[in-house]
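Structure, as structure tokens:
The figures that follow rest on heavy atoms only: side chains count, while hydrogens, waters and symmetry mates do not. No experiment lies behind these values; they were computed from the predicted model shown.
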Amino acid sequence: EVQLVESGGGLVQPGGSLRLSCAASGFTFDDNPMSWVRQAPGKGLEWVSSISWDGGDTYFAESMKGRFTISRDNAKNTLYLQMNSLKSEGTAVYYCARDVSSSWYEYHMDSWGKGALVTVSS
């Protein structure tokens, strides 16, 4: 079955950096775009970033532009999220998700990892 396993979370000071990884298995990794979504304590899901199957196109939520970088290594079936200049509001569980097309006009995330906790605190 599809498996997505996040790693790299932890405690970081405001202004610091972390790199999250997502190890994918159970499907043809480069058939799919991938995304990162986060959930802050007491809040709903917030889309962070997405990347095309080949890494050629990347998309970010406005608040993350210029600070976060999404990338993938298809040879290693791994997705990454480099997070720089982290803010306290970046404290959240970060989920790796597989994107699939449900129609000609939209994609949705059909498989999710269990998440990696990132805590931004001094």
For this session: Start with the C-alpha distance between His108 and Val100, add both sets of side-chain angles, then the distance that settles side chain to side chain contact (heavy atoms under 4.5 Å, CB included), and finish with yes or no.
Result: CA-CA 6 Å; His108 67 276; Val100 299; 3.5 Å; yes
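- Taking every heavy atom of both residues into account, Glu6 and Gly115 meet most closely at OE1-N, 2.9 Å.
- When atom types are taken as modelled, the side chain of Asn74 and the backbone of Trp53 share a donor-acceptor pair closer than 3.5 angstrom.
- Note that Arg72 lies outside the cation-pi zone of Tyr80, set by a 6.0 Å cut-off to the ring centre and a 45° limit from the axis.
- The backbone N or O of Asp57 sits less than 3.5 Å from a side-chain atom of Ser52, completing a donor-acceptor pair.
- The OG atom of Ser25 sits 4.5 Å away from the CD atom of Gln3 when rounded to the nearest 0.5 Å.
- Summarising the geometry, atom CG belonging to Asn32 is positioned 8.5 Å from atom CG belonging to Asp30; distances are rounded to the nearest 0.5 Å.
- The number of heavy atoms from other shown groups lying within 6.0 Å of CZ (Phe60) is above 12.
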Problem set entry | Trp47 and Leu45: CA distance, side-chain angles, deciding distance, side chain to side chain contact (heavy atoms under 4.5 Å, CB included) verdict | CA-CA 7 Å; Trp47 172 72; Leu45 295 169; over 6 Å; no
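- In terms of heavy atoms, Lys43 sits closest to Gln39 at O-NE2, 2.9 Å.
- In the hydrophobic clustering of ILVMFWY residues, with side-chain heavy atoms under 4.5 Å counting as a link, Leu18 and Met64 come out together.
- Rounded to the nearest 0.5 angstrom, Cys22 SG and Leu79 CG are separated by 5.5 Å.
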Problem set entry | Residue pair Trp112, Cys96: steps toward the side chain to side chain contact (heavy atoms under 4.5 Å, CB included) verdict | CA-CA 6 Å; Trp112 299 61; Cys96 169; over 6 Å; no
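- Atom CZ in Phe29 sits 6.5 Å away from atom OG1 in Thr78 (nearest 0.5 Å).
- Side-chain contact annotation: Trp104 with Ser101, donor-acceptor N/O pair under 3.5 Å absent.
- Side-chain N or O atoms of Tyr107 include none that pairs as donor or acceptor with a backbone N or O of Ser103 at under 3.5 Å.
- For Gln82, the side-chain contact (heavy atoms from CB on, under 4.5 Å) criterion is met by Ser17, Arg19, Thr69, Asn84, not counting sequence neighbours.
- In summary, the side chains of Ser35 and Asp99 do present a donor paired with an acceptor at a separation below 3.5 Å, with no hydrogens or angles considered.
- Residues Tyr95 and Val118 fall into different hydrophobic clusters, defined by Ile, Leu, Val, Met, Phe, Trp and Tyr side chains chained together at heavy-atom separations under 4.5 Å.
- Although no hydrogens or angles enter the test, the distance criterion places a donor-acceptor pair under 3.5 Å between the side chain of Ser49 and the main chain of Tyr59.
- Both the sub-6.0 Å distance and the 45° axial angle are satisfied by Arg98 relative to the ring of Phe27.
- Of all heavy-atom pairs between Ala116 and Leu20, the closest is CB-CD2, 4.4 Å.
- Residues Val37 and Val93 fall within the same hydrophobic cluster, defined by Ile, Leu, Val, Met, Phe, Trp and Tyr side chains chained together at heavy-atom separations under 4.5 Å.
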For this session: May I have the step-by-step check of side chain to side chain contact (heavy atoms under 4.5 Å, CB included) for Met109 and Met34, ending in yes or no?
Result: CA-CA 8 Å; Met109 303 161 197; Met34 298 290 291; over 6 Å; no
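- When all heavy atoms are compared, the tightest approach of Pro14 to Ser121 is CD-C, 3.6 Å.
- The two residues Leu4 and Ala24 come nearest to each other via the heavy atoms CD2-CB, 3.6 Å.
- Linking Ile, Leu, Val, Met, Phe, Trp and Tyr whenever their side-chain heavy atoms come within less than 4.5 Å puts Leu86 and Leu81 in one cluster.
- Remark: Trp36 CH2 to Ile51 CD1 distance equals 11.0 Å, nearest 0.5 Å.
- Considering all non-hydrogen atoms of both residues, Ser63 and Arg38 come closest at OG-NH2, 4.4 Å.
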